[in-house]
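Protein chains get the first letters and strands the later ones, always in sequence-line order, with residue 1 at the start of each.
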Amino acid sequence: MRTRLIAAILILFSAVCLVTPMASAQGTIKIGVITSLTGSQAAFGEAHKNGYAIAIDEINAKGGVLGKKVELDFYDDQSKPDQAVQGVSKLVDQDHVVMLLGAYSSENTKAIINPVSTHQIPLIIPTATADNVMDSKSPWVFRICAGANDYARATLEFLKHNGSPKTIAIVYEKTNFGQANMQAMKEQATAAGLQVVAVEEYEAKAPDYKAVLRRVKDKNPDVVYFGSYLLDATTLMRQSMEVDLNPKYYTSAGTGFAAAEFPTPKGAGRNAEFTFSVSQWLPDAPWPGSKEFDAEYFKRFNSHPQYHAMQAYQSLQTAAIAITNAKGTDAAKIRDALKNLNLKTSAFGPVKFDNGQNLHTVLITQVQGGKYHVVFPANLADVKPVIPAPRWADRK
Amino acid sequence: MTALRGWRIFALLGVTAVFACLPLFLPNDYVLQVFFRIVLFAALGLAWNLVGGYAGQLSLGHVAYFGVGAYGMAMLYAHHVPLWLSVLFSALIATGFAAIIGSIVFRLRGPYFTLSTIAFAEVLRLSVTNLPAAGGAIGLSTPALFPPGAFWKMFYLSAVALAFVSFLVNAWTSRSRFGYYLMAIREDEDTAAAVGIDTANYKLRALMASAFLTALGGGLYGSAFQFIVPDSVLSGEISVQIAIITMLGGAGTLLGPVVGAVLLLAASELFKNKFQESHLLTYGILIVIVVLVLPEGIVGGLKQLFQRKTKPPASVAPLAATPAQGGD
Amino acid sequence: MPRFLTDFIQACMDGLLTGALYALIGMGLALIFGVMRIVNFAHGAFLMVGMYVSWVLFDKFQVNPYIGFLISGLFLFVFGYLVYRALIQPIRDRSDFMQILMTTGIALILVDSVQLKFGADYHQTIIDLTNRPPFSFGAFTLNRAALLSFVIAGVFIVGLQQFVVRSRTGQALRAIAQNREVAPLMGINVTMIQGFSFALGIAMAGLAGGLLLPALYLFPSVGEDYTLKAFVIVVLGGMGSIEGAAIGGLVLGMTESITSAYLGQQWALAVDFILFLLVLSLKPSGIFGRQRA
C-alpha cells in the first residue's frame with residue numbers, strides 16, 4: 001500500500017520533470033516578461049500586457065529584429081516577490097530568453113535584481129518607482145521610468161519656481177509605492193527648506209479618508225503631497241472638498257492623479273481642477289508617437305492608457321533597439337548596447353541610461369478645464385499654472 | 001520511534017535519499033526551485049498536521065509563525081546575530097509566540113478557533129506593514145544562508161532535511177502517548193478532558209512544535225528568495241495553502257501532506273505556465289472537488305478503499321480517521 | 001461646542017454611515033453562520049459579485065446604483081440558492097473545516113471567474129450624488145450618497161429583523177436553528193428553508209455590495225476584507241442574534257472611524273481584529289449577546 005503510494009509519487013515527480021523542458025521555436029528571438037497577471041496588482045499587469053502587445057505587433061510588422069520574429073514569454077508572478085524570483089529562473093534557465101522585462105511592482109522588481117545579476121541577463125524595469133530597486137548598481141539592470149526621488153525633486157523644483165511655499169503635508173498610501181514616495185518627499189522637502197507639518201498614512205481599501213484629511217487640515221499646510229495609487233485620487237479630492245481642506249497647492253506623485261479618467265466626470269470631475277501631478281507620460285505628451293499609441297490603445301482596449309502601459313511598450317521597443325544594435329543575442333553585448341543607447345526621441349521621450357537609470361524628464365501637470373496641461377518644466381509647458389487653488393467655497 | 005520499525009525505516013530513508021539525490025537529475029535551477037517549494041510545503045504541511053491533523057485544531061493562521069521565522073531571521077541578522085543562530089532564535093521566538101497565541105485561542109472551539117488564528121495572523125501582518133522598524137510595506141532584504149554557487153541545491157537539501165525531521169515528528173506523534181492524546185482531543189474534546197487528559201496543555205505542546213518547524217520553514221523561504229514583504233511571507237494565502245495541501249493529501253495521515261504538496265504545487269506550476277490567468281480557477285475547482293468527492297483527502301481515501309478490501313491491522317485505524325468524520 | 005467634541009461626534013457619525021452597511025453585511029452572515037451554522041468564508045466574494053452586478057448595470061445600461069442594488073440583491077438571492085443546493089447542502093452536516101474549505105474554494109472560483117470575465121482592472125462608479133458638496137449642519141458634514149445608503153440600509157435592516165421575528169418562514173427558520181431534529185416533525189421543509197435562508201443571507205451581502213459601489217472602487221478581490229469583517233460583526237453582536245449583528249455592524253463602523261481619527265487610518269483593520277479577539281476571549285457571547293446557543 002505505502003509502496004504503491006511512494007511509486008505514485010515518484011511517477012508524478014518524473015512526469016513533472018518530463019513536461020517542463022519545452023523546446024523553443026526556431027528562428028525567433030525570445031524576450032522574457034515578468035509581470036503580475038493575477039493577484040492584487042493584476043490591474044497593472046494587464047496594462048503591461050496591453051502595452052507589450054502593441055509594441056510586439058509594431059516590431060514584428062516591421063520585420064522583427066535581426067530578421068527574426070520577436071516572441072514574448074510571460075511569467076505571471078501572482079503579485080508576489082518570491083514568484084517573480086522563480087520567474088527569472090524559469091525564463092532564463094529553462095526557456096533561454098535573451099533578456100528580461102519587468103516586474104510590475106517595486107517589491108517584485110526589488111526581489112528579482114539579485115537573481116538577474118547572478119544570471120547575468122539584461123533587465124529593463126518598466127514601472128518600479130521605489131528607488132531601492134536601483135540600490136544594487138548592478139550593470140545588468142536598466143530602469144526606463146523615473147523614480148520616487150525624481151518625483152519629489154521635480155515637484156519641489158516646480159514649487160520653488162512658483163511661489164516657494166513654506167509648509168507641506170504628505171498623505172500616502174500604505175504600500176511600497178506610497179511609502180517610497182513619502183520617504184523621498186520627506187527627506188528632500190526638509191533639505192529644500194520646506195517644513196513638513198504632517199505625514200499621514202492611509203489604507204487604500206477603506207473608503208473613508210476624511211479623518212486623515214481633517215488632521216491635515218488642522219496643520220493648515222501650504223502644500224499637500226499625495227503619494228497614492230490609482231483611484232484613491234477621486235476619493236481623496238472629493239473628501240478634501242467635504243472636509244474643506246484648502247492648501248495653496250494640491251500636488252501628487254502621479255498614478256491616480258495622472259490617470260486619463262481623473263479630470264473627467266467619470267473620475268473626480270470638477271474636484272480634480274487645479275491639482276498638480278508629476279507625470280511620466282501623458283497621451284498629450286509632446287513626444288512623437290504618444291498620440292498614436294493612445295489611439296491604438298483606445299482602439300484595442302476601449303480605454304485610454306495609463307503611463308504603465310506606455311512604459312511597458314517603450315521597454316520592449318528599447319529592448320528591440322538594443323538587440324538590433326548588439327547585432328546578436330549575446331547577453332553582454334545587449335547589456336553594452338543598452339549602456340550605450342542614446343535615443344534622441346521616442347513616444348516616451350528621449351531614452352539614455354546613466355548608471356542604469358533612464359534620465360527621464362518628469363513632467364508637472366495641472367488639471368485646468370477638465371484637461372491635463374503641462375506646466376513644468378517651462379520648455380515643455382503649454383499653459384501657466386493657476387496658483388493658489390481657489391478655496392472650495394469659492395469654486396462653482 | 002515505535003512507528004518506524006523494520007522495512008518502514010528503510011522505506012523512509014530510501015525515499016529521503018531519492019529526494020536528496022534529485023538535484024543530480026534536474027535540468028536547471030528553475031525546476032530545482034519548484035521542487036524546493038514542493039518539499040518545503042510538504043514540511044510545512046507536516047508541521048501543520050500536528051495541530052490540524054492529529055489534534056484536529058483547524059488553524060488558518062500558521063503564516064504568523066512562517067512570517068516570524070522569515071522576518072525574525074532578517075531582523076536578528078541585521079542586528080549582528082550570526083546567521084544560523086538568527087534562524088534558530090527566530091524559530092524559538094515563533095515558538096514563544098505560539099505559546100502566547102495558543103493560551104488564548106485554545107479556549108475557543110470550532111470556527112471561533114479558526115477565525116481567531118486568522119485574526120492573530122492578520123494583526124501581525126498589519127503591524128509589520130505599519131511599522132517602519134520592520135521595513136513596512138517596502139520590505140526587507142534577507143541574508144543568504146548559502147553561497148551563490150550551490151545556492152538552490154543547498155536550499156533544496158535543507159528543505160528535504162526539514163521535511164525529514166517533520167516527518168519523524170509526525171511518525172512519532174502517530175504512535176506515541178502524546179499523539180493518542182491529541183487524537184482523543186480531536187475525536188471528542190470533552191470526553192478527553194473527562195478521562196483526565198490536560199487538553200489545553202497537549203494542544204499547546206502540539207502548536208509549539210508545529211510553530212517551531214513552520215518558522216524554520218519561513219526562515220529558509222525568506223532567505224531563499226532574498227527579499228521579503230508582509231504580503232509575501234505574512235499573507236493569509238500561505239495559511240490557506242498549507243491547510244489545503246494537508247487536507248487534500250489527508251489530514252491526520254503521515255503521507256498526506258507530502259502527497260498534497262506534490263500534487264497541488266506541481267499542478268499549480270504547470271497550470272500557471274499553461275493557462276496564464278485562468279490557473280487560479282483550477283485551484284478553486286480542485287478544492288471544491290476534493291471536499292465533495294474526497295473529504296478524507298487522497299491518502300485517507302485510498303486507505304479507506306484499501307481497508308475495505310483487506311482487514312487492516314488495528315493499529316493503523318486511528319490514522320485513517322480524519323477530523324471531518326470523527327472516529328471510525 | 002469645543003473642537004475635540006465636534007471632532008468626536010463627526011467621527012461617530014461617519015462611522016455610523018459606514019456601520020449601517022456593515023450591519024447589512026453582518027446580518028446576512030448572522031443568518032448563515034449564526035443561525036444556520038454554516039461557516040461561510042465566501043461572504044465577501046458574494047458581496048463582490050453583488051458589486052459587479054450593480055456595476056455592470058450602471059456601466060452598460062446606465063442604471064443608477066441606488067436602483068441597481070435591488071437587482072444585485074435579487075440576483076444574489078437566486079445565485080445563493082443555487083450555490084447552496086449544488087455545493088453547500090451536500091456538505092451541510094460535515095465538520096466546520098470542510099465548510100470552511102468548501103466556501104474558500106467557492107470564494108476563489110467567484111473571484112477568479114470575475115477576473116477572467118471582467119479583467120482585474122479597477123473601476124469606479126461616479127454618480128452625481130457622490131461628487132456633490134456634502135450635507136452640512138452646524139459644524140458637521142455628511143456625504144449625501146453615504147447618507148442615502150444609510151437610510152436604505154436602515155430600511156432593510158428593520159425589514160429583515162421583522163421578517164425573521166414575525167413571518168412564518170422566519171419562525172420556521174428559528175425553529176430549525178433551535179432544533180434541527182424536531183423541526184421536520186413540525187411539518188417544516190428543512191431543506192427548502194435552509195436554502196432559503198442561505199439565499200437570503202447572500203442577498204443581504206448583494207444589497208450591501210450594491211450600496212457600497214458608489215463609495216468603493218471595484219476590483220475582483222475587493223470582497224476579501226469583508227469576509228473577516230462580517231465574522232467580526234457577528235461575533236461582536238453575539239452568535240445567532242440578527243439584531244446583535246445589526247448593532248455589531250454599527251459598532252464596527254464607529255470603531256474604525258474613531259481609530260482612523262485618533263490612531264491613524266492604517267490601524268483600523270488591525271483594531272477590528274484586536275476587538276474581535278478581545279470579545280472572543282473575554283465575553284464570547286458578544287458585547288450585546290445573550291447566552292450563546
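- For T114(B), the part lying under 4.5 angstrom from a heavy atom of chain C is the side chain only.
- Among the candidates I244(B), L124(B), V288(B), I289(B), the residue making the largest number of heavy-atom pairs closer than 4.5 Å to chain C is V288(B).
- For the pair R94(C) (side chain) and V291(B) (backbone), a donor-acceptor distance under 3.5 Å is present.
- Both the backbone and the side chain of I274(C) come within less than 4.5 Å of a heavy atom in chain B.
- Residue V290(B): no heavy atom, backbone or side chain, is found under 4.5 Å from chain C.
- Residues of residues 126-136 of chain B having a heavy atom under 4.5 Å from any heavy atom of chain C, listed by number: L126(B), S127(B), N130(B), L131(B).
- Ranked by heavy-atom pairs under 4.5 Å with chain C, the list R107(B), E122(B), R125(B) is led by E122(B).
- Using a 4.5 Å cut-off between heavy atoms, L60(B) touches chain C through its side chain atoms alone.
- Smallest separation of non-hydrogen atoms from G110(B) and D96(C): CA-OD2, 3.5 Å.
- Among all heavy-atom pairs drawn from G284(B) and L108(C), the shortest one is CA-CB, 3.9 Å.
- Atom CD1 of I104(B) and atom CG of L280(C) lie 11.0 Å apart (nearest 0.5 Å).
- Both the backbone and the side chain of L269(C) come within contact range of chain B, with heavy atoms under 4.5 Å apart.
- Between the CE atom of M247(B) and the OG1 atom of T104(C) there is a distance of 10.5 Å, given to the nearest 0.5 Å.
- Both the backbone and the side chain of S113(C) come within contact range of chain B, each with at least one heavy atom under 4.5 Å from a heavy atom of that chain.
- Nearest heavy atoms, L101(C) versus I287(B): O-CG2, 3.4 Å.
- Summarising the local packing, CD of E189(B) is surrounded by more than 12 heavy atoms from other residues, nucleotides or ligands at distances under 6.0 Å.
- Looking only at side-chain heavy atoms (C-beta outward), F276(C) and V123(B) stay at 4.5 Å or farther from each other.
- For L115(B), the parts lying near chain C are the backbone and the side chain together; criterion is any non-hydrogen pair under 4.5 Å.
- Between P90(C) and L292(B), the shortest heavy-atom distance links the atoms CB-CD2, 3.9 Å.
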